Colleague: 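Here's a structure for you.
Scope of the values below: all heavy atoms of this structure, side chains included, with no hydrogens, waters or symmetry mates. Predicted, not measured: the structure shown is a model, and the values here were computed from it. Index from 1, following the sequence. Note that ligands are numbered from 1 as they come in the structure, with each ligand's atoms numbered from 1 the same way.
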Amino acid sequence: MNKQWITFANEIKELYKKDFVPLHEPTFDEMEIEFVTDCVSSGWVSSVGKYVDRFEKELAEFTGVKRAVAVVNGTAALHIALKVAGVQSNDEVFMPSLTFVATANAVSYLQAFPHFIDVSEVTLGLDPFMLEEHIKDIGEMQNGHLVNKQTGRIIRAVVPMHTFGHSVDLDPLIELCERYNLVLVEDAAESLGSYYKRKHTGGFGSVSALSFNGNKIMTTGGGGAILTNNDRLADYAKYITTTAKVPHRWIYEHDEIGFNYRMPNINAALGCAQLQKVPKFIEQKRQLAEKYENIVKCLDGVTLFKEPVNTKGNYWLQTLVLDQKQNRDNILDFLNESGVMSRPIWTPMDELKPFENMPKADLTITKKLKNTLINIPSTPLKVK
Ligand SMILES: *Cc1c(COP(=O)(O)O)cnc(C)c1O
């Protein structure tokens, strides 16, 4: 490997003062121990207890939405977000091909079909202009619904995903949703603390999903949340994720097939402590991005991905953008062998076996980006 990359790897190890630097680790202190200990001492560690209500209330405040419903993980949050948004079996749902598999899986749980759209190089997320072109190609309005002329299926919703904590260009997407009667459901799993035009991501869609998996900007161990400004959808999400039980002091009556997706109290206790630190984590991640930008300057043919205009990103995962002359796999081999954990972006959904026959648009940018993006260590860090 050339000298530039050896220097780069060494600088990262120096920055973190470690011989092996993981991609992303959770950060805890006494506060998490205190909250979780309190939860265990109370005996209420499972499906009842005060931390779930508190976490939901604080999450809604933090994200500026009316309601939050805490669930077991981000995938479950997406599943229920899509369900309450009205996605039905045999519908199609637009989404980027360049996303984590959960986005496509959640649509499939409802016997609906993901329909893959290209992404923008500026945001790394769904490209509203490519989507519009594609709709003009394959879509037709029938009885107030957008129908895919090639499959005859209704296209019900659009799921943008805010890649690595950087918001997609939401205004033109919202305009398309209005024009073509599509429901907007945001996959905000990576974008807690990220803003589009000063409004928190996840607050634009009819419903949105967050994730608190161990590698996300904050964690509850495993966890997720559904966000919405609509009380009716929030109430339905709460009810359907808690076994669809009809409220009663002692009768077990369930009047619909429900899910056991409720976040346990002990996870919510961890979440209440972590949420208080998200502003600090974001500050540190943004400083880390500045630091990396300087270090990356010594690499030829490489830049650090920066937040698009009109957005403020949480910089959840720091991202190297290689020009097409660079050999991604050699770089990944070298960094990982040097103790600097690094990963490529996901394999695009249209290339995965379960989704290879799903409808899709032209995916030129997706195919380019899949070989040119590398995530580097991103654990929040005091750099100054
Ligand atoms: C993490 C993630 C999810 C799912 O979250 P889990 O909590 O792991 O189920 C969904 N979508 C995206 C884009 C993610 O990064």
Colleague: Just the distances, no angles: every ligand 1 N or O to protein N or O pair closer than 3.5 Å, one line each.
Modeller:
from: ligand 1; atom 1: 5 (O); to: Ser211; atom 2: OG; distance (Å): 3.1
from: ligand 1; atom 1: 7 (O); to: Gly74; atom 2: N; distance (Å): 2.7
from: ligand 1; atom 1: 7 (O); to: Ser211; atom 2: OG; distance (Å): 2.8
from: ligand 1; atom 1: 9 (O); to: Gly74; atom 2: N; distance (Å): 3.3
from: ligand 1; atom 1: 9 (O); to: Thr75; atom 2: N; distance (Å): 2.8
from: ligand 1; atom 1: 9 (O); to: Thr75; atom 2: OG1; distance (Å): 2.5
from: ligand 1; atom 1: 11 (N); to: Asp187; atom 2: OD1; distance (Å): 3.4
from: ligand 1; atom 1: 11 (N); to: Asp187; atom 2: OD2; distance (Å): 2.9
from: ligand 1; atom 1: 15 (O); to: Glu190; atom 2: OE2; distance (Å): 2.5
from: ligand 1; atom 1: 15 (O); to: Lys216; atom 2: NZ; distance (Å): 3.2

Colleague: Could you go through Phe116 and Thr366, starting from their C-alpha distance and side-chain angles, then the distance that decides it, and tell me whether this counts as side-chain contact (heavy atoms from CB on, under 4.5 Å)?
Modeller: CA-CA 10 Å; Phe116 301 119; Thr366 302; over 6 Å; no
Colleague: Where the side chain of Ser208 meets the backbone of Gly202, is there a donor-acceptor pair that is under 3.5 Å apart?
Modeller: yes
Colleague: Side-chain heavy atoms nearer than 4.5 Å, only ILVMFWY residues, links allowed to pass through others: does that put Val207 and Leu170 together?
Modeller: no
Colleague: Kindly assign one of parallel, tilted or perpendicular to the pair His254 and Tyr252, based on the angle between their ring planes and the thresholds 30° and 60°.
Modeller: parallel
Colleague: Report the residue from Thr311, Asn314, Thr201 that forms a side chain to side chain donor-acceptor pair (under 3.5 Å) with Ser191.
Modeller: Thr201
Colleague: Got a sec: does the CH2 of Trp44 have more than 12 other heavy atoms crowding it under 6.0 Å?
Modeller: no
